[in-house]
Number of protein chains: 2
Amino acid sequence: MSTDPAPARRRPTHRKGRATLTRASVGQAALDFLGRHGPAELTMRALATELGVSPRALYNYVDDRRDLITVAAEIFESAWQPPPLDPAPDRWRDTLRAYCRDLRAHYRRHPGMTTLALTENITTARHPTMLRNVDALIGFFTEIDGTGLPPREAYLACMESIRQVVGFVEFQDRPHDRPPPHLDPAELRQSPPPWLREGIEDLPHLRRAAEHPHPELPDSVFEFTLDVLVEGIAAAAGRPTS
Amino acid sequence: MSTDPAPARRRPTHRKGRATLTRASVGQAALDFLGRHGPAELTMRALATELGVSPRALYNYVDDRRDLITVAAEIFESAWQPPPLDPAPDRWRDTLRAYCRDLRAHYRRHPGMTTLALTENITTARHPTMLRNVDALIGFFTEIDGTGLPPREAYLACMESIRQVVGFVEFQDRPHDRPPPHLDPAELRQSPPPWLREGIEDLPHLRRAAEHPHPELPDSVFEFTLDVLVEGIAAAAGRPTS
DNA sequence: ACCTGAACACCGTTCAAGT
DNA sequence: ACCTGAACACCGTTCAAGT
């Protein structure tokens, strides 16, 4: 065979001055939208307006709003490139921590993506890239620290790690990054937060904490989460920290 | 003084055959509703219909839908009575595990409550009962295992424990208890779940897992989470498991 | 093939009256 | 004081045409 067959005729890339829509471009637009607005603001009408089309036009590429969010979630998952993991005894803790920090940053870049996946009941880890990442993380846990975890525990440790990161972003970072409008953002940078500082006269430990408030960055709280995760997994590997 | 003053005239307890509404009863009705329906179905109109009033009537007791959910969340928090904690070296692990199991069961009884609090940006731990529980849990961590955790770490361990339970319910239990309609519930009781069993030809660890599927109850996955949490906190206490 | 515009059945919320 | 019913501005989605 001399040359490749001529590529199939491409569909036009533009129409009426704007780029033609595709399933992927609509999903990408939705993901971008979530980087700029809250999840409730992502409506079919708002996205259509932003794309310069009528709401009905979106339905030529996605089935419905749930499908739109599914596409956005797949693009979101495929867009993360994890840092390297190293199961060597003196390396696995640090590389796992770096891995989780990077995953947290990725989720944080698109606040609302997780929330929407939750409210729309969308199962994640659907994109091949994400499957590859999951597989590599399981493999990492089967090898950590020399002996490694047995298959079931390696699988559970993988899911546990991801869940910890996602849970932290949802329950710790999101209220911090997008506080309810009635709260003073400066108050949120203190520990304990304002709602744990009222009506605590008879509660000795919260009272003591409130008397000595100190700045607490989410980053340092996350390090504590990583302490618990890493050492908890180390214990599961039958290797208590030395 | 002879007798107590006559109690203030009570408002009538019934009106037109049905119980009169109050802020608390409306919130309780919303919480009950969440035990029976999904979070998206909790609309002002649906709740009003269930209570036998017009939607407008609800606005005499709550400011708006967000306020309604706030009331429901406060009732939800006040309705939990935690099992006892014991910081003794040979007891703290087991009592902490029982505590987390019970908290998980409480959240699970009202699926959607957490999701709604998230989507409506409602800060939790507002009810005095919940504050008391938080205070007691911090106190527990300051005493575990003899030496206990320092105040900051005890506070962080408390928040970490609660976040782990809530995260587990949201990300593990909820998809399991209320699967998306297109998934076969029987498939969900297997490990790995169906979406980790397709397109994995080149992924050795997922492939091996898929070749040996086994029933995996959420309860046993939760025990792994507790393993990691408890031993991780034990390590933070400077006391690796023996 | 892909779009628009009108329409339908919802939703939260408010207004103007009722009793 | 507390309610109803109508109304408004939204939303997701669909229908009937346009080009």
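First the proteins, then the strands, lettered A, B, ... as listed; each starts at 1. What you see is a predicted model, and the numbers here were worked out from it, not measured in a lab.
Separating the CG atom of D64(B) from the P atom of dC11(C) is a distance of 17 Å, rounded to the nearest angstrom. Rounded to whole Å, the distance from CG on L42(A) to P on dC10(D) is 17 Å. Distance CZ (R23(A)) to C1' (dC2(C)): 17 Å, rounded to an integer number of Å. Summarising the geometry, the separation between CZ on R65(A) and P on dT14(D) is reported as 15 Å, rounded to the nearest angstrom. Rounded to whole Å, atom P of dA1(D) lies 17 Å from atom CG of L21(B).
T114(B) and R174(B) share no donor-acceptor pair across their side chains, judged by distance under 3.5 Å alone. Donor-acceptor pairing under 3.5 Å is lacking for the side chains of T129(A) and E77(A). Between the side chains of T115(A) and E170(A), at least one donor N or O sits under 3.5 Å from an acceptor N or O.
Aromatic pair F76(A)/H106(A): centroids less than 6.0 angstrom apart.
With a 4.5 Å cut-off on side-chain heavy atoms, L203(A) and I138(B) do not count as touching. Using a 4.5 Å heavy-atom cutoff, the side chains of F168(A) and R163(B) are in contact. Taking the side chain as every heavy atom from C-beta outward, F222(A) and C100(A) approach each other to under 4.5 Å.
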Tell me, with the steps shown, if V26(B) and V71(B) meet side-chain contact (heavy atoms from CB on, under 4.5 Å).
CA-CA 8 Å; V26(B) 168; V71(B) 183; over 6 Å; no
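Within a 6.0 Å radius of CD in E223(A), other residues, nucleotides and ligands contribute more than 12 heavy atoms.
Candidate nucleotides dT13(C), dC2(C), dC11(C) were compared by shortest atom distance to the side chain of Y61(A), and dC2(C) ranks first.
Panel note: side chain T49(A), backbone R45(A); a donor-acceptor pair is recorded below 3.5 Å.
In the region residues 26-40 of chain B, proximity to DNA chain D at under 4.0 angstrom, judged on heavy atoms, holds for none of the residues. Listed by residue number, R45(A), V53(A), S54(A), R56(A), A57(A) are the residues of residues 44-59 of chain A with a heavy-atom contact under 4.0 Å to DNA chain C.
Where DNA chain D pairs in unbroken runs of 3 or more (Watson-Crick or G-U, both distances under 3.5 Å), the stems are C:4-8 with D:12-16, C:12-16 with D:4-8.
Within the structure, a side-chain polar atom (N or O) of N60(B) is placed less than 4.0 Å from OP1 or OP2 of dC3(D).
Under the 4.0 Å criterion applied to side-chain N and carboxylate O atoms, R36(A) and E50(A) are assigned as salt-bridge partners.
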